[in-house]
J.: 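Before I ask anything, let me first share the structure, which is written out below as structure tokens.
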Amino acid sequence: GAVVSQHPSRVICKSGTSVKIECRSLDFQATTMFWYRQFPKQSLMLMATSNEGSKATYEQGVEKDKFLINHASLTLSTLTVTSAHPEDSSFYICSASFQRLMNTEAFFGQGTRLTVV
Amino acid sequence: AQSVTQPDIHITVSEGASLELRCNYSYGATPYLFWYVQSPGQGLQLLLKYFSGDTLVQGIKGFEAEFKRSQSSFNLRKPSVHWSDAAEYFCAVSYSSASKIIFGSGTRLSIRP
């Protein structure tokens, strides 16, 4: 199957600093990438949909200025958590869509555990 | 709006016993349906998906799921669970194969030795 790589897998940062998370499709071109957030023992909540070369579409309640998404190429999308606070600590997962035969499938990265101290 | 309901938060079954995890969806048309598994601290692995065609879908690791339009359900089954099946299971729905995926709240599966 197609591979989606997320980096870093874990990051600890101080309050007030910014953190960038990368999501790469390693062996395919992804026209659309999605960013999810997962709190402990909870489900995945979609944060935003990112299309290559255009602005991301954010879900209701997600702060655009807080969670900056850039999808500059067909293989890379980045999520930057700006001025991070402890409440931003969470598990962030990206997924990338890939056209295979007659269907388009979504493949998930392994996630990034962010801890803000 | 589409939504997914997993009524069971936590299920415990004995190793070797059969398993059924429930999933109900709310969507006007025929949705795209998925089951994912997540081990602690890990990402998601796709077990199986339903786009169209045969309503009984076979997946990896011996799992299967059946799409029942009349019941708006897509329950996951396995005839005999293994200790390694202990994990969190998420049912998910999408408008199309390329659009955003909406996840259910998850069911945590524990295996009794």
Side-chain angles (χ1 to χ4, degrees), chain A residues 1-10 21 23 28-52 56-60 62 69 90-115, chain B residues 1-11 21-25 30-54 57 59-61 86-110:
Chain A
V3 178
V4 175
S5 174
Q6 242 182 282
H7 178 80
S9 57
R10 291 178 179 271
I21 302 170
C23 179
F28 66 98
Q29 293 186 327
T31 53
T32 305
M33 289 187 174
F34 305 91
W35 286 96
Y36 294 83
R37 181 176 182 176
Q38 185 180 32
F39 289 105
K41 300 187 185 301
Q42 295 190 27
S43 187
L44 286 79
M45 302 301 296
L46 180 67
M47 298 175 66
T49 301
S50 167
N51 291 298
E52 186 264 340
T57 301
Y58 289 81
E59 295 297 302
Q60 191 173 6
V62 177
I69 292 173
S90 189
F91 193 56
Y92 294 87
I93 303 178
C94 72
S95 75
S97 290
F98 170 54
Q99 183 77 34
R100 185 204 298 269
L101 300 177
M102 298 299 292
N103 291 313
T104 303
E105 295 188 35
F107 296 90
F108 286 80
Q110 287 303 102
T112 297
R113 169 92 41 211
L114 170 63
T115 303
Chain B
Q2 55 184 199
S3 64
V4 183
T5 302
Q6 292 180 250
D8 304 307
I9 297 173
H10 183 202
I11 285 181
L21 301 183
R22 296 183 291 166
C23 173
N24 292 94
Y25 65 89
T30 299
Y32 290 77
L33 295 159
F34 309 84
W35 274 100
Y36 289 89
V37 61
Q38 184 182 37
S39 296
Q42 301 296 312
L44 298 175
Q45 182 178 26
L46 178 67
L47 288 176
L48 47 79
K49 61 183 183 289
Y50 173 78
F51 285 176
S52 65
D54 193 347
V57 181
I60 62 172
K61 302 185 178 186
E88 189 85 20
Y89 290 80
F90 293 98
C91 181
V93 64
S94 177
Y95 285 114
S96 72
S97 58
S99 67
K100 61 186 180 184
I101 296 175
I102 305 299
F103 288 85
S105 54
T107 297
R108 183 161 61 95
L109 174 65
S110 298

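Below, chains carry the letters A, B, ... as their sequence lines are ordered, and counting in each starts from 1. This structure is a prediction, so every number in the text was calculated from the model and none was measured.
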J.: Would you find more than 12 non-hydrogen atoms of other residues, nucleotides or ligands less than 6.0 Å from B:Ile60 atom CD1?
T.: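 Count over threshold, so yes.
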J.: For the side chain of A:Tyr36 and the backbone of B:Ile101, is there at least one donor-acceptor N/O pair under 3.5 Å apart?
T.: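 Yes, because the side chain of A:Tyr36 sits within donor-acceptor range (under 3.5 Å) of the backbone of B:Ile101.
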J.: Which one of B:Pro40, B:Gly43, B:Ala92 has the most heavy-atom pairs closer than 4.5 Å to chain A?
T.: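 Most heavy-atom pairs under 4.5 Å with chain A: B:Gly43.
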J.: So for A:Gln38, is it side chain, backbone, both, or neither that comes closer than 4.5 Å to the heavy atoms of chain B?
T.: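 Contact with chain B involves the side chain of A:Gln38 alone.
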J.: Heavy-atom pairs under 4.5 Å with chain A - which of B:Gln42, B:Glu88, B:Arg108, B:Gln38 has more of them than the others?
T.: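 Result: the option with the highest number of such pairs is B:Gln38.
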J.: Can you list, pair by pair, the side-chain donor-acceptor contacts under 3.5 Å of residues 41-50 of chain A, counting residues two or more places apart and other chains?
T.:
{"unit_1": "A:Ser43", "atom_1": "OG", "unit_2": "B:Gly104", "atom_2": "O", "d": "2.3"}
{"unit_1": "A:Ser50", "atom_1": "OG", "unit_2": "A:His71", "atom_2": "ND1", "d": "2.8"}

